[in-house]
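Residues take their numbers from the sequence shown, with the count starting at 1. If you're wondering where the values come from, they're calculated on a predicted model, not measured in any experiment.
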Amino acid sequence: MTQEPESSSRHFSVYLFGDIEITDGSRTLKEADLHSRQVQRLLLYMFGNMGRQVPDSELIDSLWEKEIANPSNALRNLVYRLRKALAVFWPDVDFIMTGSGQHYINPDLQIDLDVRQFQEKVSLCVHPNGQAGSLWDMAKTASLYRGKFAKNFGDFGWSRYVQTWFSEQYVLLSDRLCSAFLEKGLPYHAEYWVIRAMGLEPDEERLHVIYLRVYLAQHRMEKARNIFKKIVHEFYEDGREPLTEELEKIRSSCFPDISVSAVSLKDVIETIRKDRSSGPIYTDRAEFNKIACLEEMRAADCHGQAQILLFRLRIREDDNFGSENSFSDKAEAHFKKCLNCCLRKFDVVTNISQNEFLILLPDCGRKQGKAAAKRIEEYFLHFRGGGQCLRPAV
């Protein structure tokens, strides 16, 4: 009787969700063991396309974004390096097979591929017509997802496309699973799965909304309020983007005291320029902060700059505020006249205390901001006849 080769009976598990790993239960190869970005990419592409023979031309196009002098030799060398790295762990196993102008994973090996299992099961759990599998099936499928597909390879064009598809499927599956638990009156089960999902996909808005629904189902209103504010702040820019119909219903029924109004930078700027023919616009602190945030976003988008100036008027200790001869009141009135003369019609001013003013200068670099601050100060001192104004912080 001949003994069956060890490699044919050995069972391998390959994980492409999160960090890449290959294990047989006793030895584990991690992506860091490959010591080369290109070798890692080749392993990822080969196992990501396990079950089919990959043409060399496809591998070359996928692995090298720019043309290289001798692509066939480069690919041959890369395959050799991958085989050598795998042989360090399993010298008796041939993972990569070579055909006529193609490479493929050895079909005789027993390999469990996590992404393949997830892909097969998720199609049974989440149907296009809106139906979902059993709670057990959905939970088992969700447990296969350990993180973004090849999370360290977001710069690899093919993996980025596949990564997006798996992320969308996982978020949809998590939504269906948590909704099913909530419908059955099991919010704490839903909480477990949504917390797990948020740990793996922290930037997915839908998961935060599910978490909000879980808190509401548990009647934990303070926590629900906090996460609602977080959603509005992180995903809707504090109301600068309109809320979804679902979030608006939650706000109106559970948090009517939270004011969220959609506004765009274009609307604000157009309103300012339409309502003011000359001089700056004066507003309260809350509106000033909103406009400043909008201007900061706009400046970042177009690689521009904006400046905020702080002016503080000195107050005499013996000054009688509100009286007819109040020096501070007269200084404040004179200071506003200076601003009307020195600022543009789309600059914004707010009074933050009795003697302090914040000024926003859109479309303004640091040098221009310092020049504007100096001009305002000199104008104030010259026409006030010795009245003093502290130097502004730019």
Side-chain angles (χ1 to χ4, degrees), residues 18 126 132 135 138-139 142-143 145-148 151 164 167-265 267-268 283-301 308 350 352-353 358 360:
V126 181
L135 281 172
M138 287 191 289
S143 66
Y145 194 87
R146 305 192 313 163
K148 286 184 178 295
K151 71 175 186 180
T164 300
S167 293
E168 290 175 349
Q169 294 298 302
Y170 176 65
V171 171
L172 180 58
L173 175 63
S174 299
D175 190 357
R176 297 285 177 84
L177 177 60
C178 294
S179 296
F181 276 122
L182 291 177
E183 290 173 4
K184 290 183 177 295
L186 300 170
Y188 289 96
H189 291 71
E191 182 179 10
Y192 167 81
W193 287 103
V194 73
I195 290 176
R196 180 183 186 275
M198 290 174 64
L200 299 175
E201 296 283 354
D203 299 325
E204 287 290 340
E205 175 201 345
R206 187 61 195 163
L207 295 177
H208 288 76
V209 176
I210 297 169
Y211 204 17
L212 172 61
R213 287 165 49 204
V214 168
Y215 276 145
L216 292 173
Q218 295 173 349
H219 304 288
R220 297 159 73 179
M221 301 308 293
E222 190 58 35
K223 288 186 175 294
R225 171 183 287 272
N226 291 337
I227 198 169
F228 179 82
K229 289 181 177 179
K230 182 178 180 180
I231 291 171
V232 172
H233 175 69
E234 293 186 2
F235 298 102
Y236 293 89
E237 300 175 357
D238 292 322
R240 288 187 288 276
E241 294 291 334
L243 299 182
T244 62
E245 183 179 350
E246 178 185 12
L247 286 175
E248 185 55 43
K249 285 182 179 179
I250 291 175
R251 188 201 67 80
S252 60
S253 61
C254 302
F255 314 114
D257 57 311
I258 298 179
S259 177
V260 178
S261 58
V263 63
S264 68
L265 175 63
D267 294 336
V268 173
T283 184
D284 59 32
R285 182 65 183 276
E287 186 67 20
F288 179 91
N289 291 344
K290 183 183 295 185
I291 295 172
C293 288
L294 289 166
E295 177 58 30
E296 182 181 11
M297 291 170 56
R298 187 201 65 79
D301 289 341
I308 293 182
T350 189
I352 60 177
S353 71
L358 279 178
L360 169 66

Over all atoms of both residues, closest heavy-atom pair of [X] and [Y]:
{"X": "L212", "Y": "A224", "result": "CD1-O, 3.3 Å"}
{"X": "P256", "Y": "S252", "result": "CB-O, 3.8 Å"}
{"X": "A197", "Y": "Y170", "result": "CA-OH, 3.3 Å"}
{"X": "L216", "Y": "I250", "result": "CD1-CG2, 3.9 Å"}
{"X": "M221", "Y": "C254", "result": "CE-CB, 4.1 Å"}
{"X": "Q218", "Y": "P187", "result": "NE2-O, 3.5 Å"}

Decide yes or no for [X] and [Y]: does some side-chain heavy atom of the first lie under 4.5 Å from some side-chain heavy atom of the second?
{"X": "Y211", "Y": "E191", "result": "yes"}
{"X": "E204", "Y": "I210", "result": "no"}
{"X": "L247", "Y": "E205", "result": "yes"}
{"X": "F228", "Y": "L243", "result": "yes"}
{"X": "H189", "Y": "L182", "result": "no"}
{"X": "L135", "Y": "M138", "result": "yes"}
{"X": "D175", "Y": "R213", "result": "yes"}

Do [X] and [Y] pair up side chain to side chain, a donor and an acceptor below 3.5 Å, judged on atom types alone?
{"X": "Q169", "Y": "Y145", "result": "no"}
{"X": "R206", "Y": "S174", "result": "no"}
{"X": "E201", "Y": "S167", "result": "yes"}

Are the side chain of [X] and the backbone of [Y] linked by a donor-acceptor contact shorter than 3.5 Å?
{"X": "T283", "Y": "T350", "value": "no"}
{"X": "R251", "Y": "I258", "value": "yes"}
{"X": "R196", "Y": "A142", "value": "yes"}

Nearest 0.5 Å, please: how far is CG in L186 from CH2 in W193? 14.0 Å

With side chain to side chain donor-acceptor pair (under 3.5 Å) as the test, would you mind laying out the steps for Y192 and Y188 before giving the verdict? CA-CA 6 Å; Y192 167 81; Y188 289 96; over 6 Å; no

